[in-house]
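The block underneath contains the structure these notes are about, expressed in structure tokens.
Residues take their numbers from the sequence shown, with the count starting at 1.
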Amino acid sequence: VCPANVKYNWRNEIEKWAPQCSVHVVNKGKEPIPSADFIIINYDLMTKQLENLQRLVPGGMIIDESHAIQNTSAKRTQATLELAETCSSVICLSGTAISNRPKEFFTTLNLLNTKELNERTRDFCIRRLKSEVLPDLPPKTRTFMPVQLSKEQTQDYDQAAQDWAYQYDNYVNFGGMPAGFVLNMLTDLRHQCGLMKVKPAADWIEQYHESTGKPLVVFCHHRDVLKSLNTEMAERDLHSSVISGDV
């Protein structure tokens, strides 16, 4: 169980590390769930899919970003906990595992970070200091985050790709292809991809902010993508400052 914007990353990681296992990603609240070694579902679908999941009798459960179910009155929390009670093993993953009301409580716990806190929770949590695993850490971590897009979100890109393909076929068949045509085509399609990624990127940024409370630097290639992302952040009440060639 995880946030919607990391479902396909979970699938990719499972396929990478356990290629012998079958994986199914749940995308709709009413779709049937086939039997598989791993079922990946986001929190928002837990309530609608609870009965289907219970019928599968899962042996274990991984709850990613488990602070997302801190509100016990929320239906998705109740559904997640109900399913967890039937599992023989449950693993909770979170960068902010101990939180009640984040505005009131998180800062204090983050500030304490004491040996006493570690000792009190060591029976329930695995904690690793950076100094303990430093030799195992790569100099830089690169993660590819796949995104599942709707037909509405890909409409402009599909139309642009179709228009470019039509022009390309004409030049191939009848000659006279202008210099730099293919480069212009790829540049425009890259631009369309940037516009498509604004909302998924905003989802990931919002999740990162809620999980860590840390600032984040985001790079965009096109100015209108940068502007759209800044607008999306403002609509989510997340403060962002923009630096572009205009500044």
Side-chain angles (χ1 to χ4, degrees), residues 2-10 12-13 42-44 64-65 67-68 70 93-97 99 101-111 113 129-131 133-134 136-161 163-164 178-247:
C2 61
N5 61 340
V6 295
K7 285 195 300 186
Y8 289 92
N9 192 55
W10 268 102
N12 290 348
E13 292 297 323
N42 53 298
Y43 290 105
D44 298 331
D64 189 21
E65 302 293 354
H67 54 271
Q70 61 186 346
L93 307 176
S94 175
T96 53
S99 62
R101 296 185 180 91
K103 292 182 180 179
E104 304 172 359
F105 206 29
F106 168 75
T107 304
T108 303
L109 287 175
N110 190 46
L111 178 63
N113 197 22
L129 298 178
K130 185 176 181 181
S131 58
V133 296
L134 192 58
D136 303 321
L137 294 177
K140 186 178 294 184
T141 301
R142 301 179 185 273
T143 304
F144 175 73
M145 303 295 293
V147 176
Q148 187 78 2
L149 298 171
S150 65
K151 290 183 178 180
E152 290 76 13
Q153 290 173 307
T154 60
Q155 185 175 2
D156 291 340
Y157 178 89
D158 292 340
Q159 184 61 52
D163 293 342
W164 280 109
F181 173 83
V182 174
L183 178 61
N184 291 335
M185 175 179 68
L186 295 177
T187 300
D188 181 61
L189 293 178
R190 178 188 182 190
H191 186 193
Q192 294 294 331
C193 283
L195 293 171
M196 283 195 300
K197 290 189 292 183
V198 167
K199 189 178 185 305
D203 292 339
W204 192 95
I205 293 168
E206 185 175 23
Q207 178 195 328
Y208 179 90
H209 175 75
E210 292 176 351
S211 300
T212 69
K214 296 179 180 179
L216 187 68
V217 179
V218 181
F219 293 92
C220 301
H221 186 79
H222 298 90
R223 289 186 183 180
D224 56 347
V225 175
L226 184 67
K227 182 178 179 181
S228 297
L229 186 58
N230 186 45
T231 301
E232 186 75 24
M233 292 293 95
E235 292 176 354
R236 299 167 187 243
D237 294 326
L238 295 175
H239 174 70
S240 59
S241 298
V242 175
I243 300 176
S244 68
D246 299 331
V247 178

Taking side chain as C-beta onward, heavy atoms only, is [X] less than 4.5 Å from [Y]?
X: D224; Y: L195; value: yes
X: N9; Y: T143; value: yes
X: N12; Y: P146; value: yes
X: M145; Y: Y8; value: no
X: E65; Y: V6; value: no

Looking at every non-hydrogen atom in both residues, tell me the closest pair between [X] and [Y] and how far apart they are.
X: C220; Y: L229; answer: SG-CD2, 4.0 Å
X: Q153; Y: L149; answer: OE1-CA, 3.4 Å
X: P200; Y: V147; answer: CG-CG1, 3.5 Å
X: D188; Y: A160; answer: OD2-CB, 4.0 Å

First locate atom [atom1] of [X], then atom [atom2] of [Y], and finally report the distance between them rounded to the nearest 0.5 Å.
X: L226; Y: T231; atom1: CG; atom2: OG1; result: 9.5 Å
X: E232; Y: E206; atom1: CD; atom2: CD; result: 8.5 Å
X: K227; Y: D246; atom1: NZ; atom2: CG; result: 10.0 Å
X: H209; Y: L216; atom1: NE2; atom2: CG; result: 10.5 Å
X: K7; Y: C2; atom1: NZ; atom2: SG; result: 7.5 Å
X: S241; Y: N230; atom1: OG; atom2: CG; result: 8.0 Å

Please assess V225 against V198 for the test side-chain contact (heavy atoms from CB on, under 4.5 Å), listing each intermediate value before the final yes or no. CA-CA 7 Å; V225 175; V198 167; 4.0 Å; yes
[atom1] ([X]) with more than 12 external heavy atoms under 6.0 Å:
X: R190; atom1: CZ; answer: no
X: E13; atom1: CD; answer: yes
X: I243; atom1: CD1; answer: no

With sequence neighbours excluded, tell me which residues meet ring pair (Phe, Tyr, Trp, His ring centres under 6.0 Å) with F181.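 F181 satisfies ring pair (Phe, Tyr, Trp, His ring centres under 6.0 Å) with W164, Y171 only.
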Under the rule for ring pair (Phe, Tyr, Trp, His ring centres under 6.0 Å), what residues qualify as partners of H222, not counting sequence neighbours?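 H191.
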Do side-chain atoms of T154 reach the backbone of K151 as a donor and acceptor pair under 3.5 angstrom?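 It does hold such a pair.
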Set of residues satisfying side chain to side chain donor-acceptor pair (under 3.5 Å) with respect to W10, sequence neighbours excluded: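 D64.
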After noting the C-alpha distance and the side-chain angles of Q207 and D203, does the key distance pass the side-chain contact (heavy atoms from CB on, under 4.5 Å) rule? CA-CA 6 Å; Q207 178 195 328; D203 292 339; over 6 Å; no
